[in-house]
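Worksheet: one structure, shown below.
Just the heavy atoms: all of them, side chains too, but no hydrogens, waters or symmetry mates, feed the values below. Chain naming here is simple, since letters A, B, ... match the order of the sequence lines and numbering starts at 1 in each.
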There are 2 protein chains.
Amino acid sequence: MSKPTIADLAKAAGVSPTTVSHAFSGRRYVDPETRKRIEALAETMGYRPNHRARRLRTGGAGSIALVSSMPFAVAAGPSRLGFLMEIAAAAAVAAFSRDIALCLVPPLGPRDRLDALEVDGAIVVEPERNDPVLDFFSDRGVEVVSIGRAPGREDLPFVDLQSGTTARLLLDHLFAGGGQIGLMTGLQRRNSYLEVEAAYAAFAAEAGFAPLAVRVDERGGEQAAAAAAETLLRENPALSALCVPVDAFAAGALEAARIVGRRVPEDLRLATRYDGMRAKLAKPPLTAVDLHLDQVAAAAVDLLLARLGQPCPEPSLPPPPSLVLRASSAQAGT
Amino acid sequence: MSKPTIADLAKAAGVSPTTVSHAFSGRRYVDPETRKRIEALAETMGYRPNHRARRLRTGGAGSIALVSSMPFAVAAGPSRLGFLMEIAAAAAVAAFSRDIALCLVPPLGPRDRLDALEVDGAIVVEPERNDPVLDFFSDRGVEVVSIGRAPGREDLPFVDLQSGTTARLLLDHLFAGGGQIGLMTGLQRRNSYLEVEAAYAAFAAEAGFAPLAVRVDERGGEQAAAAAAETLLRENPALSALCVPVDAFAAGALEAARIVGRRVPEDLRLATRYDGMRAKLAKPPLTAVDLHLDQVAAAAVDLLLARLGQPCPEPSLPPPPSLVLRASSAQAGT
DNA sequence: GCCGCTATGCAAAACGATTTGCATGACGCA
DNA sequence: TGCGTCATGCAAATCGTTTTGCATAGCGGC
């Protein structure tokens with residue numbers, strides 16, 4: 001005989017399905033004696049509620065999605081796999097401890113595939129301006145929160161990645177009393193770039209150096225960044241430091257420095273944003289920023305749950321980013 | 001008014017729900033005229049079938065879990081994050097294209113949490129001997145497949161990681177006509193270690209060198225490996241090569257070689273198994289093996305789906321592992 | 001007139017839980 | 001006796017599909 005249903009259990013216990021349901025859910029009073037009998041019987045019969053039936057009735061899906069609009073081929077390339085997957089791992093832990101499942105959703109190819117997806121809500125990682133993923137979920141009435149503000153969608157709840165603060169942290173450190181700092185970001189219009197670029201412009205004005213910012217096509221990866229950095233360094237011998245938020249780009253910049261014969265950090269100081277394996281393993285290791293992604297992810301989960309009206313801890317604000325000092329930006333004096 | 005149901009659509013089209021269902025599923029003939037009317041109406045009304053109801057009726061699966069028994073703290077540490085997450089990304093893509101969701105499940109802390117998990121099946125990544133995760137799912141009657149054979153659970157379906165072949169590939173390459181090769185594995189009893197150790201023993205016997213194998217505690221990470229490798233190298237000056245399947249350990253071995261003054265590859269040839277960022281970014285870059293994890297993951301998904309009786313492509317055998325030659329094992333002649 | 005056949009479509013029974021409204025008995029109280 | 005009120009539990013409706021078995025009509029052939 002296949003899996004016992006609530007009716008089987010009820011019959012065995014000599015009560016009605018209603019009573020069994022109440023015994024488990026606690027939504028109505030059930031005689032403790034009866035309940036104990038039911039529970040014992042459930043244990044021995046191996047009864048567990050059919051989640052498909054339950055969900056049909058209650059309408060809950062019990063799961064949330066984690067989505068990046070960037071194709072895995074790119075996102076999972078050496079460049080962003082770390083970032084995305086670090087968030088995924090942390091979000092899975094957070095979601096799990098709140099008794100819901102985290103579904104990893106690859107970015108949309110043929111749009112209709114997503115139709116089959118049954119989730120109560122979605123977390124979108126660093127959406128771009130006009131990100132199709134956001135529209136998709138909005139159209140379907142699926143609750144969405146983003147990690148990193150969604151440019152142009154200020155209505156959406158989000159957990160801030162504090163890219164402005166991060167940039168400021170890096171620039172303050174790199175400037176250290178003088179010089180000219182260059183900036184390298186990407187072509188996509190994600191909020192983190194926008195904030196970084198704005199912070200950079202403000203900082204340059206304050207510090208009194210001429211801003212020097214380039215944008216590199218993400219698809220070109222490390223090589224494209226190396227090429228761009230090489231040009232930048234050759235044309236601007238006065239550059240004393242480079243702020244390169246994308247870690248793969250920073251690796252490219254490191255290579256470019258080597259090629260043009262600039263020692264890091266002596267002749268050029270370098271720092272990146274995401275403190276992943278790349279930053280740690282680079283030679284010299286790259287100064288980076290601890291974004292506290294685990295807490296960011298947990299906050300995103302809680303925020304989403306709160307929006308869904310689920311009972312969950314009050315979404316906490318993740319701590320501000322903090323600098324991780326490494327050799328790539330060590331100062332002469334230290 | 002909320003989402004239209006099949007009944008709403010049927011009423012609007014002037015037919016019965018049955019006909020609508022048949023029109024979409026094609027399980028019975030429906031007049032093409034009628035069908036066209038239904039489809040057009042569905043489009044304008046925004047009808048989409050309720051998956052919860054459908055699954056309740058058909059019993060179809062909605063989601064599968066991906067689990068590693070290793071704590072995320074370890075699995076997601078620099079060492080294994082890459083391996084696990086590369087599989088996760090590929091599995092998500094494969095699952096998604098089969099219209100089911102992939103849930104990322106953190107390893108069991110307090111066991112009971114998993115109770116809340118509602119999945120139709122699970123993929124377990126490189127289970128250990130007596131892995132509690134396997135028992136857990138078996139107890140619940142959740143279908144399980146593993147990536148990498150489960151030691152002691154030969155009854156479970158699995159997708160082979162071909163660790164024996166992999167080891168052979170590495171050893172053949174490292175041996176290249178002579179010398180003595182050392183082996184460094186971990187303490188856990190995963191199948192990949194067992195197969196590697198067996199292949200190593202056989203190879204040493206064949207090639208006629210004295211086997212020299214050490215096991216390092218995974219929790220010690222790169223440092224522990226470096227320490228072990230240093231001892232190994234000092235005590236065995238004759239060692240010509242080191243086969244170190246775990247990439248973090250290989251990084252440690254590289255460091256040890258530097259410390260004891262052995263140049264890689266001139267004085268010591270080194271190769272690892274997993275071709276992740278670690279192997280690629282090492283100095284010199286590490287010879288590794290392409291395990292074709294994307295295809296392994298897809299095969300695991302299909303295998304699981306087949307076990308669940310879902311319609312899905314015939315599970316394909318992933319291609320055999322192939323060597324990725326890098327500087328760490330370059331031969332003198334080449 | 002009867003049979004068999006195809007084409008088309010409907011009614012109703014699943015699927016397995018949750019939830020609403022009602023029933024019954026016991027009891028207290030006037 | 002009559003009335004209100006707990007305490008306990010059940011029957012039946014509901015969620016939105018899919019699927020089985022039957023119904024009707026039209027038509028050809030004998």
Side-chain angles (χ1 to χ4, degrees), chain A residues 1-39 41-42 45-62 115-118 120 140-141 310, chain B residues 1-39 41-42 45-62 99-100 115-120 140-141 308-311:
Chain A
M1 167 137 152
S2 72
K3 293 189 65 170
T5 73
I6 199 173
D8 300 329
L9 178 53
K11 197 172 298 175
V15 298
S16 77
T18 310
T19 306
V20 174
S21 177
H22 289 328
F24 284 126
S25 69
R27 291 184 62 93
R28 285 247 189 125
Y29 184 88
V30 171
D31 188 284
E33 184 92 7
T34 314
R35 162 185 316 223
K36 212 167 290 171
R37 198 172 68 244
I38 292 176
E39 279 167 356
L41 223 37
M45 297 176 61
Y47 166 77
R48 47 193 52 255
N50 177 314
H51 61 269
R52 299 191 251 270
R54 188 208 297 263
R55 292 213 271 250
L56 170 58
R57 181 62 232 235
T58 64
D115 283 349
L117 191 65
E118 263 185 45
D120 298 315
R140 271 172 185 57
Q310 300 276 322
Chain B
M1 170 142 152
S2 73
K3 292 189 66 170
T5 73
I6 199 175
D8 300 329
L9 179 53
K11 197 172 299 175
V15 297
S16 79
T18 311
T19 306
V20 174
S21 178
H22 290 327
F24 284 125
S25 70
R27 291 185 61 93
R28 284 244 190 128
Y29 184 89
V30 172
D31 187 283
E33 185 90 8
T34 313
R35 162 186 315 225
K36 210 166 292 171
R37 198 173 68 243
I38 292 176
E39 280 167 355
L41 223 39
M45 296 176 63
Y47 166 77
R48 42 193 65 252
N50 178 316
H51 295 278
R52 303 189 247 272
R54 169 178 304 189
R55 288 215 264 266
L56 169 58
R57 179 63 231 238
T58 63
D99 274 349
I100 61 172
D115 281 347
L117 190 64
E118 289 167 1
V119 293
D120 303 295
R140 268 173 188 56
L308 289 171
Q310 297 285 124

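- Among C:dG9, C:dT18, D:dG9, the nucleotide with an atom closest to any side-chain atom of B:Asp31 is C:dG9.
- C:dT19 atom P lies 12 Å from atom CG of A:Leu56, rounded to whole Å.
- Of the candidates A:Ile38, A:Thr19, A:Ile6, A:Val30, A:Ile38 is the only one forming a side-chain contact (heavy atoms from CB on, under 4.5 Å) with A:Phe24.
- If you measure from atom CG of B:Asp8 to atom P of D:dC15, you get 11 Å, rounded to the nearest angstrom.
- Contacts of B:Phe24 with the nucleic acid, taken as non-hydrogen atoms under 4.0 Å apart, are absent.
- We find that CZ of A:Arg35 is positioned 11 Å from P of D:dG9, with the value rounded to whole Å.
- Note: B:Arg54 CZ to A:Leu56 CG = 13.0 Å, rounded to the nearest 0.5 Å.
- When rounded to the nearest whole Å, the span between CZ of B:Arg54 and P of C:dA14 equals 21 Å.
- Phosphate contact (OP1/OP2 of D:dT18, side-chain N/O of B:Ser21, threshold under 4.0 Å): present.
- Taken from OG1 in B:Thr5 to CE in B:Met45, the straight-line distance is 8.0 Å, to the nearest 0.5 Å.
- Note on A:Ser16: a side-chain N or O is less than 4.0 Å away from OP1 or OP2 of D:dC10.
- To the nearest angstrom, P of C:dT20 lies 9 Å from NE2 of A:His22.
- Residue A:Thr5 places none of its side-chain N or O atoms closer than 4.0 Å to OP1 or OP2 of C:dG16.
- No donor-acceptor contact under 3.5 Å links the side chain of A:Thr19 to the base of D:dT8.
- Closest contact between the side chain of A:Arg57 and the listed nucleotides C:dC15, C:dA11, C:dA17 involves C:dA17.
- Atom CZ in A:Arg55 sits about 14 Å away from atom C1' in D:dC15, given to the nearest Å.
- When heavy atoms are screened at a 4.0 angstrom cut-off, A:Thr34 is found touching the sugar-phosphate backbone but no base atom.
- Here D:dT20 is the nucleotide among C:dT8, C:dT19, D:dT20 with the atom lying nearest to any side-chain atom of B:Arg28.
- Along DNA chain C, the nucleotide nearest B:Pro32 and the nucleotide nearest B:Ala53 are compared for position; the residue whose nucleotide lies closer to the 5' end is B:Pro32.
- Atom CZ of A:Arg27 is separated from atom P of D:dG9 by 18 Å (rounded to the nearest Å).
- If you measure from atom CD1 of B:Ile38 to atom P of C:dC10, you get 9 Å, rounded to the nearest angstrom.
- For B:Thr58, no side-chain nitrogen or oxygen approaches OP1 or OP2 of D:dT18 to under 4.0 Å.
- Closest of all the heavy-atom pairs between B:Pro17 and B:Ala7 is CG-CA, 4.5 Å.
- With C:dG9, D:dT17, D:dT8 as the candidates, the nucleotide lying closest to the side chain of A:Tyr29 is D:dT8.
- A salt bridge is defined here as a Lys NZ or Arg NE, NH1 or NH2 lying under 4.0 Å from an Asp or Glu carboxylate O, and A:Arg52 with B:Asp120 meets this definition.
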